[in-house]
Amino acid sequence: MNQSMDNEIDSIFQKHQRNQREALIPILQDIQEQYGYISEEAVQKVGLFLAIPTSKIYGVATFYDQFHFQPKGKFHITVCRGTTCHLEESDNLLEEVSKYLKISQSEVSRDGMFSLETTTCMGACGRAPVISVNGNYYEQMTIDTFKELIESFKQRAL
Amino acid sequence: MIFTIEVNNKQIKAKTGETILSALRRNGIDVPTLCYLPELDATGACRICVVEVEGKPQLVTSCSQPVEEWMKIFTHSPRVIQARKTLIELLLANHPDDCLYCPCNGRCELQHLAGELNVRERRFPNKKSPARLDQTCSALVWDPAKCILCGRCVRSCDEIIGVSILDLIRRGEKISIGTTFEKPLNLSNCITCGQCIQACPTAALREKEAFAGVQEILHKPSIFPVVQYSPVISVSLAEEFGIKPGKDLQGILNSVLRKIGFKKVFDITFAADVLVLELADTLLKRIALGEKLPLISSCCPGWVKYAEQYLPGNLDLLAPLKSPQQIMGKLIKRYYADMQGITPEDIVVTSVMPCTAKKFEAQREEMSLQGTAEVDTVITTRELAKLIRLNGIDINQLDEEMTDSPFASRSTAGKLFGVSGGIVEALIRTLHFRLTMKEIANPKITKIRGFKEKKEVYINIEGKEYGFAAVSTVKALPSLLDEIQSGKKNIQFIEVMACPGGCINGGGQPIQGNGETSQLRAKAIYDIDDKESIKASHKNPAVFDLYQKLLQEPGSPMSSALFTAVFNKRTVLL
């Protein structure tokens, strides 16, 4: 862990009390907010701060879908699997997307460019199926429009 | 308060505050359990122990539900039996059907329950678990495909040992048991004590078996196979053959091992005696020179790994001495080999231990010299039983034999190494002699005996008080160390054993369901101490001989060259 990361996590800890187990999830959320994921070093540091074995921290964190344990891709893609999107065949879309990007859910492509996850509802049911990339929504997605989108991102990244 | 409840239309007595299961078992009514172990917190996770309570719409888990006065219980109603059977059928849905080839065949709780509940066909289609076998650890094998998620390993690592390397990871159908970041065991903070094996109802957690390899080398003409066994084996092997726990098989053990094909048989108790002399010397020197105290024992490889991970700043407190297993191995390869004119490389030393961590210890880098390991293979008590059966030996038909010279005698102090507090007891006997040149009047130090996690004893020798502590499992250690280092307690020596009650309850011992067995194993060792006449390590004639011929005196350059151990900080996720 580099020094700046070390200091940043320390400043997250300042908002909480030492050895207080109930602070675990808020701390993990703050760390993820800051770095986009939870690293081994961060888990180790949280364990020392709260006096919890790292196995228990990992157990709690993996229980929730919101926590990630590797850095997200440059373009983080979320496919909505809510009811309306499901009726609009978001399951097929997810499968095609996964095939096209050659990654499964919660994985990051080898070049670090794309990562993929699903969510239960984005609240844009009228325009289903919906995906989001780095927080921007793209509506009424088909695999063809998705491919176009990805190519444009690739161009942008060059 | 004691009150009456009705179970299966019969009145039984129950106590306020106890669980339904406890009341049933005390009254001789058997209810099957799977995730429940008496020494662990009940979680009610597996639901095999369900019973029907009249008036309750749902079946209740008897292991976690407190018994109440109004209760009318049915333990084996058709509804209950059907529920239990379905639970087992569901557990079998993703279980590999390889019982015939499974190391756990015949002692598997899942197999046993499936039989008991008359599961005779696969009701749910088999969905193979994608989980991979973890064979990275030198001591344990983790086979998640056989895991039924009862969580006993997780709780035993948390509650019994206090290391907490495991937890339930993820949830729902993706749930599994794993370490932090699902590291393979060799890169995790596992101390390889093997208590999780004692807890596991299936073969999901098991020792890395080595006895088949031993069988192979026994009949190779180029190899000189030698065996050495821990002080504990003689009092626990009997259980594997259906003999009452606590029977001492020392003499028979020697003849069994020769019958299997080992050319020489040695008792590691001898090496324990050597270690007591060296430990006493190290302690007295540290006290005399005002060096850092307390001195902490380093015989338990599980504890040593724990210290390397969790207490890197205190590694200089550990006695820089090898464990009896490694001392014995070293003496065989460096001294006995020379004496007999055998090339050390031709000798294969097999160690029979009650311990899985000893497998890890034997392959530590500093435990070999120029590619020759001091101990080549370590097998557990359970593996020895398998080796005996493989060779078709009937242990009831054998005469007692002696161990081989030049290490043929032992003291009962060395034998005490198998129980928590035993190293302290052995050390006090020898310390007393070194300080006064007289034997201690009462060698039995009862304050340091028993199964408590932490025991202390203070002994006055010629006007000076010496404090000793024995810790089993690592839970009590950090606070004790704090108390000593802050000057609150005057303790010069701590003995640490990772397993509860010491090596008699090691991870490699016969799997036992209750605490009574360990009491009987301990009693057997104390009985030997009462019966035999050589009660102190320095009175062992073979040890005396070894010092005369080779080592000169404890702490001599020769003993340091042979027995020095090294400890290094380990970086793992804690």
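Just so it is clear, the values below take in all heavy atoms, side chains as well, and ignore hydrogens, waters and symmetry mates. Treat the numbers as computed from the prediction; the structure is a model and nothing was measured. Sequence lines set the chain letters: A, B, ... in the order given, protein chains first and strands last, and positions in each chain run from 1.
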Heavy-atom contact with chain A under 4.5 Å, split by part of [X]:
X: B/Ile169; result: both
X: B/Lys183; result: side chain
X: B/Leu168; result: backbone
X: B/Asn189; result: neither

Does [X] have more than 12 heavy atoms from other residues, nucleotides or ligands lying within 6.0 Å of its [atom1]?
X: B/Arg132; atom1: CZ; answer: no
X: A/Glu151; atom1: CD; answer: yes
X: A/Arg21; atom1: CZ; answer: no
X: B/Lys452; atom1: NZ; answer: no
X: A/Glu95; atom1: CD; answer: no

Quick one: does A/Lys56's side chain have a donor or acceptor within less than 3.5 Å of a partner on B/Leu166's backbone? yes

Could you tell me which residues in residues 62-72 of chain A have at least one non-hydrogen atom under 4.5 Å from a non-hydrogen atom of chain B, sorted by residue number?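 The list, in residue order, reads A/Thr62, A/Phe63, A/Tyr64, A/Asp65, A/Phe69.
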
What are the two closest non-hydrogen atoms of A/Pro53 and B/Ser164, and how far apart are they? CG-CB, 3.5 Å

CD1/A/Ile52 to CG/B/Leu574 distance, rounded to the nearest 0.5 angstrom?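 Output value for this atom pair is 14.0 Å.
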
Quickly, which of B/Asp167, B/Thr179, B/Thr180, B/Leu573 forms a side chain to side chain contact (heavy atoms under 4.5 Å, CB included) with A/Tyr58? Name it, please.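 For A/Tyr58, the side chain to side chain contact (heavy atoms under 4.5 Å, CB included) test succeeds with only one of B/Asp167, B/Thr179, B/Thr180, B/Leu573, which is B/Thr180.
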
